[in-house]
Number of protein chains: 2
Amino acid sequence: MNKDNNMEQQILQCAEELFLEKGFSLVSTTDIAKKAGCNQALVHYYFRTKENLFQQIFQAKFTKFLYIFTTFDDSDEPFTTRLRKKIEAHFDLLIENRQIPFLVINELILNEERRSALVKNIYNKNLEIYRRFDHELQEEIQKGNIRPISTIDLLINIVSMNIIIFFMLPMLESQFNFDEEEITEILQQRKREVVETIMCSIRPQNK
Amino acid sequence: MNKDNNMEQQILQCAEELFLEKGFSLVSTTDIAKKAGCNQALVHYYFRTKENLFQQIFQAKFTKFLYIFTTFDDSDEPFTTRLRKKIEAHFDLLIENRQIPFLVINELILNEERRSALVKNIYNKNLEIYRRFDHELQEEIQKGNIRPISTIDLLINIVSMNIIIFFMLPMLESQFNFDEEEITEILQQRKREVVETIMCSIRPQNK
DNA sequence: ATTTTGTTTAATAACCCTATTAAATAAATT
DNA sequence: AATTTATTTAATAGGGTTATTAAACAAAAT
């Protein structure tokens, strides 16, 4: 409703918030219109279908969700230092977008078509990055700096431990009544613990 | 529709399958009736409301989901052996109920009332078990057998790594076309990896 | 100033949803 | 056999949903 911020943007913005909160199916175009302050038909005028609108939002969120698979730091710091930073960066990204894990898991499980489209997309785009990481990791294992582990298992471990706390946030907020400050602290602590757990878990056996 | 298996059971059974597959809101009482082979009104006759029907199913699933929080093995094996077994038992339970993680996460995030009711219930029922586990773990840490870690972080790590693969199953099945046998193998391998990761992650620093 | 284009709304078609009602059928009890 | 009770169905109220349409309004271009 800002003067040069047009209604199309407003709708997109409101839809994003609602979808993140409740997922695709629990948000109606009427809800979106109400929040954006416009007529329900306008949502369809700009985006034609609800599915369309959702796609535009979901794609970007999914990339963030898989950050750990889709970025590569080629500075000359040691591997473990870079890995640690990558885990932290992923976690920080999720802190800024706390509902992403819920949205992604939810829609990916529920909607076969979405799954199919996204997986292919991401897979093709990031294969090269994955290969470089894979190569580096297996080299470190060869050198005996890291215990043997498959690249995919390690990445899955990281993603899983990074996202889990965000599934628990609604509980911490509404059941245990933590306030925003406490939640921030819990998240920071959890981040440290994930990094610690991962780093410990890849130490070679004989060291 | 079996002769002594009455329709009430049939409805419950079908509802369970559908809820596990799609969650509460994407399953209608009409869907349930169709699957059970009866009139839609009958679902309401036996269970009055859809919410009611769902509750009966969800409660049991939730307990399984938190198995790791709600069981205690007091055999005289060493702590780490029992921990390993507990992780495996939890994972095996999820193998038998693969959609539980999705259902639980989904409904717990979406529905404040469900959350509230269940959390209190579980919390009260299992506080004693949690305390015993906590006591044992911290004792092992004192003895230097395990690196310092909070009990809750350890349990969260286990749950998170145990459940994540079940979020990925739909993708493995429909996108990468793994068949049932391959999935079984993937799950077994993932179980081993989780156990390995956890056991490695709690080794004391100096060993 | 008027036409053209873009934005927004009210109205509505064509669904699907839960829950209830009364009526029909089947089973159990007297 | 007749009556009571339990099971099942058809019909429907009252609500919500997406998407489209035609009409109203505003802005830009001629």
Side-chain angles (χ1 to χ4, degrees), chain A residues 1-59 103 106-107 109-115 117, chain B residues 1-59 103 106-107 109-115 117:
Chain A
M1 274 275 158
N2 301 338
K3 56 186 190 308
D4 55 336
N5 222 19
N6 59 13
M7 189 52 85
E8 189 176 351
Q9 282 305 312
Q10 177 78 357
I11 290 169
L12 201 63
Q13 171 70 32
C14 293
E16 176 168 324
E17 283 172 37
L18 288 170
F19 283 141
L20 277 168
E21 199 181 319
K22 299 162 181 287
F24 178 78
S25 66
L26 288 183
V27 173
S28 71
T29 49
T30 314
D31 295 335
I32 296 167
K34 199 182 286 169
K35 179 158 191 167
C38 70
N39 187 282
Q40 177 259 347
L42 201 61
V43 176
H44 290 274
Y45 170 74
Y46 280 120
F47 300 93
R48 203 169 54 78
T49 67
K50 182 183 157 189
E51 179 69 32
N52 238 315
L53 176 53
F54 184 78
Q55 289 292 0
Q56 293 192 28
I57 292 160
F58 191 65
Q59 176 85 42
L103 185 73
N106 208 345
E107 301 306 331
I109 286 179
L110 287 175
N111 193 312
E112 158 94 52
E113 287 165 48
R114 267 200 268 291
R115 205 153 68 209
Chain B
M1 275 275 157
N2 302 337
K3 54 186 189 318
D4 55 337
N5 220 22
N6 60 13
M7 189 52 85
E8 189 176 352
Q9 282 305 311
Q10 177 79 356
I11 290 169
L12 201 63
Q13 170 71 30
C14 293
E16 175 168 327
E17 284 172 36
L18 288 171
F19 283 141
L20 278 169
E21 199 181 319
K22 299 164 183 285
F24 179 77
S25 65
L26 288 183
V27 173
S28 70
T29 49
T30 314
D31 294 335
I32 296 167
K34 198 182 287 171
K35 179 157 189 166
C38 70
N39 187 282
Q40 176 260 350
L42 201 61
V43 177
H44 290 273
Y45 170 75
Y46 281 119
F47 300 93
R48 204 169 53 77
T49 66
K50 183 182 156 188
E51 179 68 33
N52 236 318
L53 176 52
F54 184 77
Q55 290 292 1
Q56 293 194 27
I57 292 161
F58 191 64
Q59 176 84 44
L103 186 72
N106 209 346
E107 302 306 331
I109 286 180
L110 288 175
N111 194 312
E112 157 94 54
E113 285 166 50
R114 266 200 269 292
R115 206 153 69 211

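Letters A, B, ... mirror the listed sequences (proteins, then strands); counts begin at 1. All heavy atoms count here, side chains included; hydrogens, waters and symmetry mates do not.
Nucleotides of DNA chain D nearest to A:Glu51 and B:Leu42 differ in position, and the one nearer the 5' end is that of B:Leu42. With the nearest nucleotide of DNA chain C identified for both A:Gln40 and B:Arg48, A:Gln40 has the one nearer the 5' end. DNA chain D is contacted by both A:Ser28 and A:Ala41; A:Ser28 maps to the nucleotide lying nearer its 5′ end (nearest heavy atom per residue).
In this model, the phosphate group of D:dT7 is approached by a side-chain N or O of B:Tyr45 to a distance below 4.0 Å at OP1 or OP2. Note on B:Asn6: every side-chain N or O is 4.0 Å or more away from OP1 and OP2 of D:dT7. Listed pair B:His44 / C:dT20 fails the phosphate criterion, with no side-chain N or O lying under 4.0 Å from OP1 or OP2.
The distance from atom CD1 of A:Ile11 to atom P of D:dA19 is 14 Å, rounded to the nearest whole Å. Counting to the nearest Å, the P atom of D:dT7 and the CD atom of B:Gln10 are 15 Å from each other. Computed from coordinates, the B:Phe47 CZ to D:dT8 P distance equals 12 Å when rounded to whole Å. Distance A:Lys34 NZ to C:dT9 P: 15 Å, rounded to the nearest Å. Taking atom CG on A:Asn52 and atom C1' on D:dT18, their separation rounds to 13 Å, with Å as the unit.
B:Glu16 meets the side chain to side chain contact (heavy atoms under 4.5 Å, CB included) test with B:Leu20, B:Ile57, B:Lys61; sequence neighbours excluded.
In terms of heavy-atom proximity, B:Cys38 sits nearest to B:Leu42 at CB-CD2, 3.8 Å.
Checking side-chain atoms of A:Glu107 against main-chain N and O of A:Phe24 turns up a donor-acceptor pair under 3.5 Å.
Around the NZ atom of A:Lys50, the shell of radius 6.0 Å holds more than 12 heavy atoms that belong to other residues, nucleotides or ligands.
Distances from the side chain of B:Cys38 to the nucleotides D:dT18, C:dT20, D:dT9 place D:dT9 closest. Closest to the side chain of B:Asn39, from the set D:dA19, D:dA10, C:dA10, is D:dA10.
Using a 4.0 Å heavy-atom distance criterion, B:Val43 is classed as making no nucleic acid contact. Using a 4.0 Å heavy-atom distance criterion, B:Tyr46 is classed as a sugar-phosphate-only contact.
Side-chain contact annotation: A:Gln55 with A:Gln59, donor-acceptor N/O pair under 3.5 Å absent. Judged purely by distance below 3.5 Å, without hydrogens or angles, the side chains of A:Glu17 and A:Gln13 pair a donor atom with an acceptor atom.
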Distances under 3.5 Å only, N/O to N/O: pair up the protein atoms with those of nucleotides 25-29 of chain C.
none

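In this structure, CG on B:Asp31 lies 10.0 Å from CD on B:Gln40, to the nearest 0.5 angstrom.
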